[in-house]
Amino acid sequence: MSTVRIAPSVLSADFAKLGDEVAMLEQASADWIHVDVMDGRFVPNLTFGAKVIETLRRRTALPLDVHLMVVEPERYFDDFVSAGASGLTIHAEVAPHLHRQLGRIRELGATAGVALNPSTPLSAVEEVLVLTDLLLVMSVNPGFGGQQFIRASVEKIARARQMLDAAGSRATLEVDGGINRQTIVDCWRAGADTFVAGNAVFAAADPGAEIAALRNACAHRA
Ligand code: DX5
Ligand code: ZN
């Protein structure tokens, strides 16, 4: 059985003390740091760019899992990898040349991920699975933290698990949006292995303990 990976999203962190927040996450045994980049075009919201990734890179040795919610994501590949991104995940909805784009991310030395909105079918990635290191199933419509988990995502994750297994893919299967102690268990049982959590971690009285609680919620629940 694979191990559970918890990737807290710094979107819900206190930006005035971002460095300390990241140090706290590392101390609390987070596996990855999830970084939500939004451009105000693919999604209504605006967040951060290469400068913030560089700042995070200086404060932690943890992998930086960069989720690009932007149009024309290829414009940022070089800068973000140079800034210290470990993996770049692009949205299939705005990546008409997924084959070339995923190949380029790998060429730069980062892990190549594809994200699917709730309304986007799994077939959008079927032809590029050999180039995909990570498949991200969005369980909310991207753009904001703290939204409610879309239930239909559980069944989609189960189908994604089957698709990856059938293709012999060892890609990470990540889920993002509305993950908490309850929803994580269903997603884990459906076959996801990596869980983004923003609000659940940062709204908790003890964010470090919440990371452990999320991880423990999955223990022995295959
Ligand atoms: C949503 C982002 C998520 C978000 C998750 O557009 O991609 O990573 O931070 O936040 P929660 O866990 O609060 O839904
Ligand atoms: Zn995200």
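Side chains included, hydrogens not; waters and symmetry mates left out as well; all remaining heavy atoms used. Numbering of ligands and ligand atoms starts at 1, following listing order.
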Task: Distance (rounded to the nearest 0.5 Å) between Leu134 CG and Leu173 CG - done: 8.0 Å

Open item on the list: Using a 3.5 Å cut-off on N or O atoms only, is Ser12 in polar contact with ligand 1?
Closed with: no

Open item on the list: Could you identify the N, O or S atom of Asp176 positioned closest to the Zn ion (ligand 2)?
Closed with: OD2

Task: Under 3.5 Å: N/O of Gly198 near N/O of ligand 1 - done: yes

Open item on the list: If the contact criterion is a heavy-atom separation under 4.0 Å, does Ala200 count as touching ligand 1?
Closed with: no

Task: Protein contact to atom 6 (O) of ligand 1 [nearest heavy atom, distance to 0.1 Å] - done: Gly143 N, 2.7 Å

Open item on the list: Determine whether a donor-acceptor pair (N or O, by modelled atom type, separation under 3.5 Å) exists between the side chain of Ser153 and the backbone of Phe149.
Closed with: no

Open item on the list: How wide is the angle at the Zn ion (ligand 2) spanned by His67 ND1 and Asp36 OD1, rounded to 10 degrees?
Closed with: 90°

TODO: Check the surroundings of atom CZ in Arg75: do more than 12 heavy atoms from other residues, nucleotides or ligands lie under 6.0 Å from it?
DONE: no

Task: salt bridge (Lys or Arg N to Asp or Glu O under 4.0 Å) evaluation trace for Glu210 with Arg181 - done: CA-CA 9 Å; Glu210 196 58 31; Arg181 292 185 197 191; 2.8 Å; yes

Task: Distance-only N or O hit between ligand 1 and Gly178, under 3.5 Å - done: yes

TODO: Identify the protein heavy atom lying closest to atom 5 (C) of ligand 1, giving its residue, its atom name and the separation to 0.1 Å.
DONE: Asp176 OD1, 3.5 Å

- [ ] For atom 1 (C) of ligand 1, grab the closest protein heavy atom and report residue, atom and distance to one decimal in Å.
- [x] Phe144 O, 3.5 Å

Task: Shortest non-hydrogen separation from Leu68 to Phe80 and the atoms involved - done: CD2-CE2, 3.3 Å

Task: ligand 1 contact on Asn199 by region, counting heavy-atom pairs under 4.0 Å - done: both

Task: Heavy-atom nearest neighbour of atom 13 (O) of ligand 1 within options Ser9, Ala13, Pro8, Gly146 - done: Gly146

Task: Closest approach to the Zn ion (ligand 2) by His34, given as the N, O or S atom name - done: NE2

Task: Protein heavy atom at shortest distance from atom 10 (O) of ligand 1 - done: Gly145 CA, 3.6 Å

Open item on the list: Would you say that more than 12 heavy atoms from the other residues, nucleotides or ligands in this model lie under 6.0 Å from the CZ of Arg159, or not?
Closed with: yes

TODO: Would you check the N or O atoms of Asn141, main chain and side chain alike, for any that come under 3.5 Å of an N or O of ligand 1?
DONE: no

